[in-house]
Each structure stands twice: as structure tokens, then as C-alpha cells.
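Okay, structure first, notes after.
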Protein chains: 2
Amino acid sequence: MTNLAATEVKLETRARGILEQHHIRPTAQRMKLAEILLAAPCHLTAEQILISLRESSRKVSKATVYNTLKLFVEQGLVRQIHCDGDRCVYDSRIAPHHHFQNLDTGEMIDISPDDLAFERLPPLPQGTEIAGVDVVIRLRRKA
Amino acid sequence: MTNLAATEVKLETRARGILEQHHIRPTAQRMKLAEILLAAPCHLTAEQILISLRESSRKVSKATVYNTLKLFVEQGLVRQIHCDGDRCVYDSRIAPHHHFQNLDTGEMIDISPDDLAFERLPPLPQGTEIAGVDVVIRLRRKA
DNA sequence: CTCCCTGCAAATGCTTTGCAACTAA
DNA sequence: TTAGTTGCAAAGCATTTGCAGGGAG
């Protein structure tokens, strides 16, 4: 009980700090969203976030959820991953890392950067540099 | 001229052969689509394919393009790549390979499997096996 | 008071689907 | 004949946008 309360306070403080670091005004809606995403490293769809929000006291409109997520992505607060054509997840872990994708469930699982290394990378086209490298290991149930 | 004609005939034959191998009835529309995709390894959006088709003699409806592409994907004739949220490309190279994505132009470029190798892969979650590994190296114009 | 934020609903854009006409074996 | 295909238009669906009302500083 006291632990829970302490955790919640800490989370709120942390969320506020991160928003301010990114020069985002900490409105009630943005705070709620940040708290959901920052509570733990997670991969959530806009829909799942919307459901989380409805369960909490404060109600947030769908438009605001999308607008806020877009803002967070632009500010580098979360990462947007397109796992398939008509669904994308917001990844609250900012540090570079890779993913398993469970094809049966659609679930995304983090891969620690330490667990994956390249032996050889291809030469880059003239005049370009690497902005990022994404690896997705697609998994199926073992036969 | 004779070369061109020969190439076209060959392409048509090849397209027909591939459709039959996959037990897809070679209708005129499917042949045209297969020819566009098989002419060379390429990454085309549904829109680009639609434009190619309009330029050719035979006209094909948008619905048929989507239905046919879906069929081709299901049959493993082409690969569908989701490069961003509201756009996907159809990759006519079936063999496993990876991609550069030019963030400035959206263009996808093949990476030969020989040019990329892993030094270390992460342990897989219990009861799963690898269905595929996709690497996307995102590029930006060099500063 | 002013600017920015929010929420609703309408709009957008890609993709899918229902259905009647059609086509090839 | 008969199952499989096509094309049109309408439907779907995730996301974006226009705009009026609202809130914080």
C-alpha cells in the first residue's frame, strides 16, 4: 500500500521530468500517457493505450492519444514500430535494441543489444550514413 | 528489336511457369502482374503496379491488383514488406535477403545475404523457432 | 488575454469485400 | 455447365485533421 503509493508518486515525478526534458508541456492527458508508457518497457498499440486510459480515472479522446503519441515519437520519447500493415506499436524503450516478433500472437519481445552482434555489414550507398538498424526475428511455434 | 521480342516471350513463359508451379490459374491479369514483378528484382507499391498496368494494353482494376498481390504473397511468389505505416511494397525477390531503406526517398534497396552476417544471435524463447530474420538498415543523407 | 490543448466528428487513404457479370475448361 | 475471376462501388479501419470550446499561465 505504502509501496504502491510511493511507486505512483515516483512514476508521476519521473513522467513530469521526462516531459519537461523534452520541452513538452505536462498536461494531465500527456502525463497519463507518459505514465502508462514509462511504467515499464512495453510495446503497446494505440488501441491498448486507449483502453488503459479508459480504465483510469481521466478520460482521453482518441484524437488526443494519436496526437500525443505522434508528439512523443517526434520528440524521441518513444519509438514507433510498424509490425504489420495496419497496426503499429509504441515502444517505450528508447535505447537501441532489436525485437522478436511472435507470428502466432503478434507479440513483440525485446532483444538486448548485447545478445545480437553483426559479423559483417554491407557497404553503404554513396553519400549516405546509417540512421539506424532494425532487426526483427520472426518466430513461430516449434513444430 | 528481336532481342526485345525474345525477352518478352521468355518473360511470358517464365511467368506462366511460375504461376503453374504455384497452382495459380494463369489468367491475363495475373500474367501481366507476374510479368511486371518478375521482369527484374524490384520493390513496388500497389500504386506503382497499378500505374504500370494502366500503361500496358490490358487494364486491371484496383481490386484485382490487391487480390492478386494477396494471392501471390500467400503462395510465396512475392514478399510483402511493410516499410512504414500506410505503405507497403511487394518484393519480387523471394530468396532471403535484407534491405537498406533510404529515409529521404522511401526507396528500398536489396542487401545481398553475403554482405551481412551475424556474429551472435539471441537465445529463442521456449518452444519457438525462427521463421525469418529481417534486417533493415535505415539510411540518411550524409551530413 | 492569449496561446496552446482537447475532443468531437468528419475526412483521408490504403486495403478489403459484396455482388453481379463474365470467362474459360 | 460450373467453378473460379473480374470490376465496380461501397465498406472498413487505423490514423489525421478542422474547428469550436476550454484551460493554463
Side-chain angles (χ1 to χ4, degrees), chain A residues 12 15-16 19-20 22-37 43-54 56-75 77-91 106 108, chain B residues 12 15-16 19-20 22-37 43-54 56-75 77-91 106 108:
Chain A
E12 191 187 320
R16 184 177 305 274
L19 290 183
E20 282 171 355
H22 290 267
H23 308 100
I24 297 171
R25 192 192 294 179
T27 65
Q29 288 87 340
R30 289 169 179 175
M31 287 290 290
K32 264 277 161 256
L33 255 158
E35 285 171 29
I36 288 171
L37 287 164
H43 307 96
L44 298 173
T45 63
E47 187 63 22
Q48 289 171 326
I49 291 169
L50 211 41
I51 290 169
S52 284
L53 286 169
R54 287 203 215 294
S56 80
S57 49
R58 164 70 68 166
K59 62 181 195 294
V60 183
S61 76
K62 190 181 281 197
T64 298
V65 169
Y66 278 107
N67 287 335
T68 303
L69 286 171
K70 194 178 177 186
L71 179 68
F72 284 6
V73 169
E74 284 164 4
Q75 299 300 322
L77 219 145
V78 300
R79 202 145 70 106
Q80 191 177 26
I81 304 170
H82 302 283
C83 42
D84 61 68
D86 46 44
R87 200 153 216 79
C88 76
V89 299
Y90 295 88
D91 184 344
M108 304 285 294
Chain B
E12 191 187 321
R16 184 177 305 274
L19 291 183
E20 283 171 354
H22 291 267
H23 308 98
I24 297 172
R25 192 192 294 180
T27 65
Q29 288 88 339
R30 289 169 177 173
M31 286 291 290
K32 265 275 159 257
L33 255 158
E35 285 171 28
I36 288 172
L37 287 164
H43 307 96
L44 298 173
T45 63
E47 187 63 22
Q48 289 170 327
I49 291 169
L50 211 41
I51 291 169
S52 284
L53 286 169
R54 287 204 215 292
S56 80
S57 49
R58 164 69 70 166
K59 62 182 194 294
V60 183
S61 77
K62 191 182 283 199
T64 298
V65 169
Y66 278 107
N67 288 335
T68 303
L69 286 172
K70 195 179 176 186
L71 179 68
F72 283 6
V73 169
E74 285 164 3
Q75 299 300 323
L77 218 145
V78 300
R79 201 145 71 106
Q80 192 178 24
I81 304 171
H82 303 283
C83 43
D84 61 67
D86 46 44
R87 201 152 214 79
C88 75
V89 299
Y90 294 88
D91 185 344
M108 305 286 294

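In the text below, chain A, chain B and the rest are named by the order of the sequence lines, each starting its count at 1. Side chains included, hydrogens not; waters and symmetry mates left out as well; all remaining heavy atoms used.
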Could you tell me the separation between the CE atom of A:M31 and the P atom of C:dC5, rounded to a whole number of Å? 15 Å
Are B:V78 and B:V73 packed together at the side-chain level, in the sense that at least one heavy-atom pair is separated by less than 4.5 angstrom? yes
At under 4.0 Å, does any side-chain N or O of B:R25 touch on OP1 or OP2 of C:dA24? no
Does a side-chain N or O of A:T27 approach OP1 or OP2 of C:dT6 to a distance below 4.0 Å, or not? yes
From C-beta outward on B:T68, which listed nucleotide comes closest to its side chain: D:dA14, D:dT6, D:dT17? D:dT6
Given atom CG of B:L69 and atom P of C:dC14, what is their separation to the nearest angstrom? 15 Å
How many whole angstroms separate atom NZ of B:K59 from atom P of C:dC22? 13 Å
For residues A:D91 and A:M108, determine if any side-chain heavy atom of one lies less than 4.5 Å from a side-chain heavy atom of the other. no
Could you check which of C:dT15, D:dC8, D:dT6 has an atom nearest any side-chain atom of B:Q29? D:dT6
Answer yes or no: is there a side-chain heavy-atom contact under 4.5 Å between B:L69 and B:L37? yes
Identify which nucleotide among D:dT15, C:dT16, D:dG7 has an atom closest to any side-chain atom of A:A46, counting heavy atoms from C-beta outward. D:dT15
Between A:L33 (CG) and C:dC5 (P), how many Å, whole number? 14 Å
Tell me which nucleotide among D:dC8, D:dT5, C:dT6 gets nearest to the side chain of B:R30. D:dT5
Presence of A:K70 side-chain N/O under 4.0 Å of D:dT17 phosphate oxygens OP1/OP2: yes
Would a 4.5 Å heavy-atom cut-off, applied to side chains only, mark B:L77 and B:L19 as touching? yes
Does B:T64 put a side-chain nitrogen or oxygen below 4.0 Å from OP1 or OP2 of D:dG7? yes
Rounded to whole Å, the NE2-C1' distance (B:H82 to C:dG13) equals 16 Å
Expressed as a whole number of angstroms, how long is the span from A:N67:CG to D:dG18:P? 11 Å
Quickly work out the A:I49 CD1 to D:dT15 P distance and round it to whole Å. 10 Å
Considering only side-chain heavy atoms of B:K62, which listed nucleotide, C:dT15, C:dT17, C:dC5, is closest? C:dT15
What is the distance, rounded to the nearest whole Å, between atom OH of B:Y66 and atom P of D:dA10? 18 Å
Would you say the side-chain atoms of B:R16 pair up with the backbone N or O of B:M31, donor to acceptor, closer than 3.5 Å? no
